[in-house]
Amino acid sequence: MAANKKTLRHQRILRELELEPSLRIADLAERLSVSTETIRRDFDELTEQGLINRTYGGAVRRHASEPGLNERHQFHVPEREAIARQSVPVLAGARHIMIGSGATTVHVAKRLAITMNDLTVITHSFGVATVLAINPTIRVIMAPGLYHAQEGSMHGAQTIRFLENYRVEWSILGASGLDQDGASDALIEAADVYSVMMERATRTMIVADHTKFNQAFPARYCDWDTVDVLVSNQAPQGALGETIRDAGCMIKSASK
């Protein structure tokens, strides 16, 4: 019976971590009506199984990959729309922009198409290019390369060589995860493209919702001191928020 209770508790912990990017021991102990020592033991076992990562006073869910783009488009739509509304005013006056692939960057592109004119956008994302097409004053330059069907975008050496020929005022990038070490992506090929976009841009904006906080994926593509603005639906708290601010990166929260 005790083993069954523990299994059910472990399942509940993993479900809670799917809903929230991170959980603290004390909060979870209160929710599950058990002691903090019980939660610590649960965290230790789930960490040994490779299902979570321990943090100071809590834990985050460990992910090796993320859902495909079509599936991600169904998640957190109001949050992404709010992020897009917050991000576009920062770009006022820009004439040349690079935009990376992802669900949130597509929302930003939609907002750009509605609110900005006389703009040149360089992208490797077919989703971004498609939504920008509603505005005839926006010139879209599509990067060539190897097509990644799950992400609807181009990657590879040809994409990188193409992007290296351009210089823009802003790069706008998404991320699979944001932690104290910087921004990371589940797709290594995408991270390579994002790194080049940052190099070819005067300033960089990362757009990502709060579920990406305290998450780490295989391909880290930047440190926080190379990012100018983070736009999210919530301001990151705790050590993550302090690290980002200390690096000189501005945080714009759609919740404020």
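Predicted model only: the values in this text are computed from it and were never measured.
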Is there a side-chain contact between [X] and [Y] in this structure, where contact means two heavy atoms from C-beta onward sitting under 4.5 Å apart?
X	Y	result
Ile122	Arg200	no
Thr204	Met197	no
Tyr221	Val193	no

Would you confirm whether [X], through its side chain, and [Y], through its main-chain N or O, come within 3.5 Å as a donor-acceptor pair?
X	Y	result
Asp185	Leu187	yes
Glu169	Arg95	yes
Ser232	Ser253	no
Trp224	Asp179	yes

### Steps toward side chain to side chain contact (heavy atoms under 4.5 Å, CB included) verdict (Ile13, Leu32)
CA-CA 9 Å; Ile13 291 170; Leu32 302 186; 4.0 Å; yes
Give the minimum heavy-atom separation between [X] and [Y], together with the two atoms involved.
X	Y	value
Val168	His96	CB-O, 3.2 Å
Arg167	Thr202	NH1-N, 4.3 Å
Ile134	Ala113	CG1-CB, 3.6 Å
Ala235	Phe213	C-CE1, 4.1 Å
Val88	Val108	CG2-O, 4.2 Å

Reported [atom1]-to-[atom2] distance for the pair [X] and [Y], which is rounded to 0.5 angstrom:
X	Y	atom1	atom2	answer
Gln86	Asn233	CD	CG	10.5 Å
Ile99	Ile172	CD1	CD1	4.5 Å
Arg24	Arg31	CZ	CZ	12.0 Å

### Query
Would Ser87 and Met205 count as a side chain to side chain contact (heavy atoms under 4.5 Å, CB included) if you check the C-alpha gap in whole Å, the side-chain angles of each, and the deciding distance to 0.1 Å?
CA-CA 8 Å; Ser87 63; Met205 173 190 294; 3.5 Å; yes
Is [X] salt-bridged to [Y], cutoff N-O under 4.0 Å?
X	Y	result
Asp209	Arg80	yes
Glu45	Arg41	no
Arg220	Asp181	no

### Task
Count the heavy atoms of every other residue, nucleotide or ligand shown that sit under 6.0 Å from CD of Glu164, and state whether that count exceeds 12.
yes
### Task
Mark yes when over 12 heavy atoms from residues, nucleotides or ligands other than Arg139 sit less than 6.0 Å from its CZ; otherwise mark no.
no
### Message
Evaluate Phe162 against Met142 for side chain to side chain contact (heavy atoms under 4.5 Å, CB included), listing each step before the verdict.
### Response
CA-CA 10 Å; Phe162 179 85; Met142 188 73 201; over 6 Å; no
